[in-house]
Amino acid sequence: MEFKAFLIKYAEIGIKGKNRYMFEDALIRQMKFALRDVGDFAVHKQLGRVFAEAKSDFDFEEAVEALKRVFGITGICPVIIEEDKEFDHLAEVCCQFMDEQYPDKNKTFKVYGRRADKRYPMNSMEFSAEMGSRILDKFPEFKVDVHHPDILLTIEIRDRVYIYSDVIKGPGGMPVGTNGKAMLCLSGGIDSPVAGYMIAKRGVRIDATYFHAPPYTSERAKQKVVDLAKKVAKYAGPIHLHVVNFTDIQLAIYEKCPHDELTIIMRRYMMKIAEHFAKEGGSLALITGESIGQVASQTIHNLAITNEVCTIPVFRPCIGMDKQEIVDIAEQIDTYETSIQPFEDCCTIFVAKHPVTKGNLKVIKHSEEALNDIIDDLMKKAIDTVEVIRIDA
Ligand code: ATP
Ligand code: MG
């Protein structure tokens with residue numbers, strides 16, 4: 001017996017009425033995106049259920065892995081679909097199903113029959129009881145436990161009959177596309193890919209901005225960010241990665257501003273430019289991988305100063321996390337190995353030995369005045385020369 005289809009469970013809390021359609025449509029779109037390289041799948045909804053049915057050969061494990069990356073899914077149930085609803089036939093199929101799925105029969109089970117098709121000659125209770133006894137007749141080693149069964153054999157009688165017992169845990173969250181779009185400041189580090197993943201999990205589409213400083217940062221460092229964006233896109237869907245040449249701005253800051261303030265000032269210009277592309281592309285917020293106290297630029301004082309240039313919300317989902325907690329997620333979403341590759345991103349080149357940890361906004365603004373004559377042109381050039389790469393996972 002081979003599984004050719006999956007029944008998808010999703011949390012329905014708070015998705016009544018119009019929201020429900022939006023939720024389901026986005027879920028279907030993301031499932032199609034996730035499965036597109038696995039095989040030819042028909043993904044459709046039917047009376048409060050979403051199904052993915054294979055129309056070609058496919059690798060089962062690969063399909064499950066792909067579906068595990070679709071936010072909004074709480075459970076993935078490999079399902080057998082039968083056209084013939086006749087009871088004796090179904091009893092045979094269910095016995096075979098139990099036999100093949102559970103070679104070790106030293107287990108308890110319960111049949112949960114659901115009759116959505118009210119014309120079916122038996123009601124749900126009769127159906128479940130009769131099916132249970134047919135299975136017991138055939139395999140007396142199984143035992144029935146209606147309260148805490150090891151195996152819940154679910155049989156849904158609808159247009160066709162759907163038989164499943166396994167529920168593989170999905171990632172939860174909301175389908176990407178149900179909550180607008182945000183701009184991720186993506187560096188080559190560990191934190192920002194995790195931050196992007198966490199916001200995408202709430203249903204938010206992601207675009208990204210990366211600042212590089214050639215020749216101080218290498219082509220390889222840029223490739224690393226592209227690779228990270230691809231990994232995030234496996235969950236978030238397609239990402240427009242904006243690669244901004246930040247060299248001239250960085251050199252100007254280096255030349256004209258106090259070195260212990262370099263990082264703060266640089267971060268302020270990064271946020272301004274990221275916000276420009278956010279607004280241009282319809283993103284309603286920025287996302288960073290910042291976490292309080294992790295490095296000098298992330299003290300609460302300095303975060304406040306960085307934030308001061310932004311006119312849209314800045315989401316920092318890692319803000320209260322320890323490094324190890326962030327690393328754990330990075331490993332789980334498979335970005336960690338890429339993030340720890342040793343290619344410098346532009347922040348690490350121009351770092352001061354003793355950066356200011358308790359920045360003062362007035363002082364920083366005063367230091368920035370030294371850039372007054374040139375910064376508008378430099379910002380314009382950085383924006384005009386952006387390279388936009390479409391990342392498709
Ligand atoms: P990460 O591990 O995400 O690089 P980090 O701990 O190295 O973070 P910083 O270098 O201070 O911390 O950067 C803080 C945040 O600023 C990053 O999480 C990212 O969102 C953004 N950022 C830093 N450098 C860049 C860059 N070169 N391009 C785009 N965004 C950046
Ligand atoms: Mg970094």
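Remember, it's 1-based here, ligands and their atoms both numbered in the order they're listed. Here the structure is a predicted model, which is why all the values come from computation and not from measurement. Numbering starts at 1 and runs along the sequence shown.
Side chains of Glu82 and Tyr162: no donor on one and acceptor on the other come within 3.5 Å. Checked by atom type, the side-chain pair Glu387/Asn245 shows no donor-acceptor distance below 3.5 Å.
When side chains are defined from C-beta on, Ile155 counts as touching Val161, because their heavy atoms get closer than 4.5 Å.
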Inset, instruction - Before giving the answer on ring-ring contact (aromatic ring centres under 6.0 Å, His included), spell out for Phe60 and Phe6 the whole-Å C-alpha distance, their side-chain angles and the decisive distance to 0.1 Å. - result: CA-CA 10 Å; Phe60 180 82; Phe6 298 93; 5.6 Å; yes
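By the 3.5 Å distance cut-off applied to N or O atoms, Ile287 is not counted among the residues near ligand 1. Distances between N or O atoms of Pro193 and those of ligand 1 include no value under 3.5 Å. For ligand 1, the polar-atom distance check finds an N/O of Ser192 within less than 3.5 Å of one of the ligand's N/O atoms. Polar contact with ligand 1: present for Ser187 (N/O pair, distance under 3.5 Å). Here's the thing with Lys323: none of its N/O atoms is less than 3.5 angstrom from an N/O atom of ligand 1. Taking only nitrogen or oxygen atoms, main chain and side chain alike, Val295 does not reach within less than 3.5 Å of ligand 1.
Close approach of ligand 1 to Leu186 (heavy-atom distance below 4.0 Å) involves ligand atoms 28 (N), 29 (C), 30 (N). Within ligand 1, the atoms closer than 4.0 Å to a non-hydrogen atom of Thr288 are 20 (O), numbered from 1 in the order shown. Of all the atoms in ligand 1, the ones that sit under 4.0 Å from a non-hydrogen atom of Gly289 are 17 (C), 18 (O), 20 (O). Taking every non-hydrogen atom of Gln294 and a distance limit under 4.0 Å, the qualifying atoms of ligand 1 come out as 6 (O). Within ligand 1, counting atoms from 1 as listed, the ones closer than 4.0 Å to a heavy atom of Thr209 are 29 (C).
A salt bridge does not link Arg69 to Glu65: none of the charged side-chain nitrogens sits closer than 4.0 Å to a carboxylate oxygen.
Counting only residues at least two apart or in different chains, salt bridge (charged side-chain N to carboxylate O under 4.0 Å, His left out) contacts with residues 325-339 comprise Lys231-Asp334.
Judged as a ring pair (Phe, Tyr, Trp, His ring centres under 6.0 Å), and not counting sequence neighbours, the contacts of Tyr197 are Phe71, Tyr235.
Contacts between Thr263 and ligand 1 below 4.0 angstrom, taking non-hydrogen atoms only, are absent altogether. Here Gln298 has side-chain heavy atoms under 4.0 Å from ligand 1, and that is the only part of it that gets that close.
In summary, the aromatic rings of Tyr269 and Phe246 are positioned with their centroids too far apart to meet the 6.0 Å limit. Between Phe277 and His240, the ring center distance fails the sub-6.0 Å criterion.
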